[in-house]
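Some notes on the structure that comes next.
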Amino acid sequence: LKENLLEIYAKSFHDNWSLPALTDYISKETITLIKENVDIVDVVSDYVRTLKKSGKNWLGLCPFHNEKHPSFTVSNEIGFYKCFSCGESGDVVRFLMKIENISFVEALVILAKRAGVSLEMSAEESSVSYKKDELIQFNTRIHKLFHFFLLNREEGKKAREYLERREIDIDTIKRFNLGYVPGGFWLEKFLKEKGFQENFLKETGVFSSKNGKLRAMFFDRLMFPIFNYRNECIGFGGRVLNDEMKPKYLNSPETIVYRKSTVLYGIQFAKDEMKKRGYAFLVEGYMDVIACHKNGLMNAVAPCGTAVTREQLKLVSRYCGEIILLLDGDAAGIKGAIRALKEGINLEEIKFSVILLPNGMDPDEYFKENLMEDFEKLLENRVEAFDFCIEYKCKGVDLKDYQVLSGVLRFLFEYISAWESGITQNLLLQRLSEKLSLNLGTVEQEFSRFLGSKKSNFIEKESDKVVEESEVLNNSKEEEVLL
């Protein structure tokens with residue numbers, strides 16, 4: 001590619017391809033100003049959907065451990081939170097550090113933007129935060145470059161034709177910032193000429209080093225920029241346009257801003273719709289999300305080339321109370337649903353249900369052949385999580401055969417025993433008894449025998465941090481306000 005082509009792109013977006021300079025330090029006065037201008041209840045509410053007014057304070061389920069009854073209290077009066085079950089407590093900065101797993105400076109940067117406070121920091125204090133900001137700015141410029149090639153250049157014609165065949169219109173292309181990256185070695189050359197160092201480029205996830213030479217990760221691919229819930233571009237997925245190329249989908253490696261296990265494709269758009277509707281659709285991939293959004297299911301998200309993780313489910317639980325797994329009805333889709341339901345065990349704050357699309361269709365195929373009225377019927381008849389597990393294990397088997405029945409019960413007992421709540425276990429045993437037309441007393445007896453003979457290995461249980469009662473009662477002044 002000719003260099004002037006890239007210069008045209010850069011000028012069209014008014015990007016100077018330079019990096020921001022650091023300033024001096026974060027003063028105590030600035031930190032106080034940030035805290036005074038941020039409402040801790042507003043911040044916590046972004047992560048704790050269950051937070052409700054309770055007297056002069058706010059009460060909800062703790063986001064730092066699993067609990068069925070709310071013990072997490074927030075005081076707007078003093079800007080302090082405290083969980084009276086696990087003991088976690090602190091101010092708004094501490095909360096953000098803990099919930100996002102970020103540093104003190106990174107939390108201040110986020111809160112300063114929220115409060116509209118200008119933040120100054122030293123190079124030493126801000127090194128990690130600065131690197132992340134630097135990388136997000138780089139990704140933003142790169143996704144605009146790929147978008148430019150897709151919409152405006154002859155090189156992007158093949159990708160445009162592919163999207164046209166998939167009936168992806170221009171509005172959807174622009175909404176998701178879809179792009180195209182040509183083949184060749186032009187990108188590394190262009191960026192080096194713009195002053196970017198090779199060590200930095202290696203850390204972006206857009207490049208790799210092979211035999212000591214810098215090489216672009218993506219070439220001749222349709223590009224899907226990946227955004228976090230703050231609408232920051234943190235990584236990329238790329239699909240081949242030539243089916244002979246492998247792999248079909250390629251994703252950015254993990255970087256300091258991109259951890260696949262914590263990110264969901266489409267979350268930047270879907271989160272508000274999740275709040276509005278009260279539920280989310282979890283689908284398999286990028287094109288599934290796009291097909292759902294194009295057909296009005298704006299609350300659909302997908303993992304980025306990985307199996308569903310517990311962290312992703314917790315992310316969705318911030319915004320709604322139900323996750324509907326919307327998957328292909330083939331064997332892979334069913335197994336994916338079971339894996340996702342396993343990850344949801346002990347997440348008491350969210351309900352799970354399943355819709356398997358007929359005839360092994362993906363969402364794009366389904367909506368091309370069916371009306372929204374047809375989908376509404378599927379939505380109305382969605383199957384709750386445990387019922388789906390029962391139906392999955394019982395389909396096509398003879399439950400009159402004792403060995404078959406024993407295997408089915410063993411699988412379902414493993415699921416039930418993985419729940420920590422005795423109440424939940426009892427409810428699931430009752431449901432199992434009803435679905436299989438078995439005597440409840442017999443089911444309970446068999447479950448007790450199962451527990452005695454084998455520990456559940458269905459999932460690895462998380463060990464929650466529990467404080468002694470004496471620690472909870474030994475309250476600080478801030479904690480007394482919460483009581």
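Under the rule for a side chain to side chain contact (heavy atoms under 4.5 Å, CB included), the partners of P358 that lie at least two apart in sequence or sit in another chain are Y366, L378. Remark: F218 engages no residue in a ring pair (Phe, Tyr, Trp, His ring centres under 6.0 Å) (not counting sequence neighbours). Remark: A302 engages V283, V289 in a side chain to side chain contact (heavy atoms under 4.5 Å, CB included) (not counting sequence neighbours). Residues passing the ring pair (Phe, Tyr, Trp, His ring centres under 6.0 Å) test with F219: none are found, sequence neighbours excluded. In this view, Y279 and F281 satisfy the ring pair (Phe, Tyr, Trp, His ring centres under 6.0 Å) rule, not counting sequence neighbours. Checked against side chain to side chain contact (heavy atoms under 4.5 Å, CB included), E198 has the following partners two or more places apart in sequence or in another chain: K192, K202, L214. In this structure F227 satisfies the ring pair (Phe, Tyr, Trp, His ring centres under 6.0 Å) test together with H143, sequence neighbours excluded. For A340, the side chain to side chain contact (heavy atoms under 4.5 Å, CB included) partners two or more places apart in sequence, or in a different chain, are V308, L325.
Contact of the I338 side chain with the F388 side chain is registered, since non-hydrogen atoms from C-beta on lie closer than 4.5 Å. Side-chain contact between S89 and C83 is absent, with no heavy atoms from C-beta onward closer than 4.5 Å. Between F95 and F64, some side-chain heavy-atom pair lies under the 4.5 Å cut-off.
Summarising the local packing, NZ of K158 is surrounded by more than 12 heavy atoms from other residues, nucleotides or ligands at distances under 6.0 Å. Within 6.0 Å of the NZ atom in K368, the count of heavy atoms belonging to other residues, nucleotides or ligands exceeds 12. Counting heavy-atom neighbours within 6.0 Å of K335 NZ, excluding the residue itself, gives a total of 12 or less.
Side-chain contact annotation: Y258 with N228, donor-acceptor N/O pair under 3.5 Å absent. A side-chain donor-acceptor contact under 3.5 Å links Q137 and D133. Side-chain N/O atoms of H293 and T172 include no donor and acceptor closer than 3.5 Å. Side-chain contact, T32 with E29: no donor N or O sits under 3.5 Å from an acceptor N or O.
Tested against L59 for a side chain to side chain contact (heavy atoms under 4.5 Å, CB included), the candidates V48, V74, T73 yield a single pass: T73.
No donor-acceptor pair closer than 3.5 Å links the side chain of D374 to the backbone N or O of N370. Formation of a donor-acceptor pair under 3.5 Å by the N139 side chain with backbone atoms of C233 is found in this model. Here the side chain of N37 pairs a donor or acceptor atom with the backbone of L33 at under 3.5 angstrom. Checking side-chain atoms of R239 against main-chain N and O of Y249 turns up no donor-acceptor pair under 3.5 Å. Under a 3.5 Å cut-off, the side chain of E67 and the backbone N or O of S71 do form a donor-acceptor pair. Within the 3.5 Å criterion, the main-chain N or O of S103 finds a donor-acceptor partner in the side chain of E106. Here the side chain of E203 pairs no donor or acceptor atom with the backbone of F200 at under 3.5 angstrom. Without hydrogens or angle criteria, S252 side chain to F236 main chain gives a donor-acceptor distance under 3.5 Å.
Residue pairs meeting the salt bridge (Lys or Arg N to Asp or Glu O under 4.0 Å) criterion with at least one member in residues 32-47, sequence neighbours excluded: K35-D91, D46-R114. Listed by first and then second residue, the salt bridge (Lys or Arg N to Asp or Glu O under 4.0 Å) pairs involving residues 159-188 are R166-D364 (not counting sequence neighbours). Sequence neighbours left out, the pairs with a member in residues 258-268 that pass salt bridge (Lys or Arg N to Asp or Glu O under 4.0 Å) are R259-E311. Counting only residues at least two apart or on different chains, the side chain to side chain donor-acceptor pair (under 3.5 Å) pairs with a member in residues 317-329 are E322-S353, E322-R382.
The distance between the ring centers of F149 and Y180 does not fall below 6.0 angstrom. Checked against the 6.0 Å centroid criterion, the rings of F367 and F375 qualify as a close aromatic pair. Ring-centre distance between F352 and F386: not below the 6.0 Å cut-off.
Here OG of S209 is found 9.0 Å from CZ of R215. Values are rounded to the nearest 0.5 Å.
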Chi angles and distances behind the side-chain contact (heavy atoms from CB on, under 4.5 Å) call for F176, F269: CA-CA 9 Å; F176 285 90; F269 302 128; 3.9 Å; yes
For side-chain contact (heavy atoms from CB on, under 4.5 Å), just list the numbers for T255 and T204, CA-CA rounded to whole Å, side-chain angles, deciding distance to a tenth of an Å, and then say yes or no. CA-CA 7 Å; T255 67; T204 62; over 6 Å; no
Full working for side-chain contact (heavy atoms from CB on, under 4.5 Å) between R310 and L347: CA-CA 9 Å; R310 194 172 185 81; L347 293 181; 3.6 Å; yes
Go through the steps to decide whether E384 and K351 satisfy the test salt bridge (Lys or Arg N to Asp or Glu O under 4.0 Å), and finish with yes or no. CA-CA 8 Å; E384 292 193 5; K351 174 185 175 182; 3.6 Å; yes
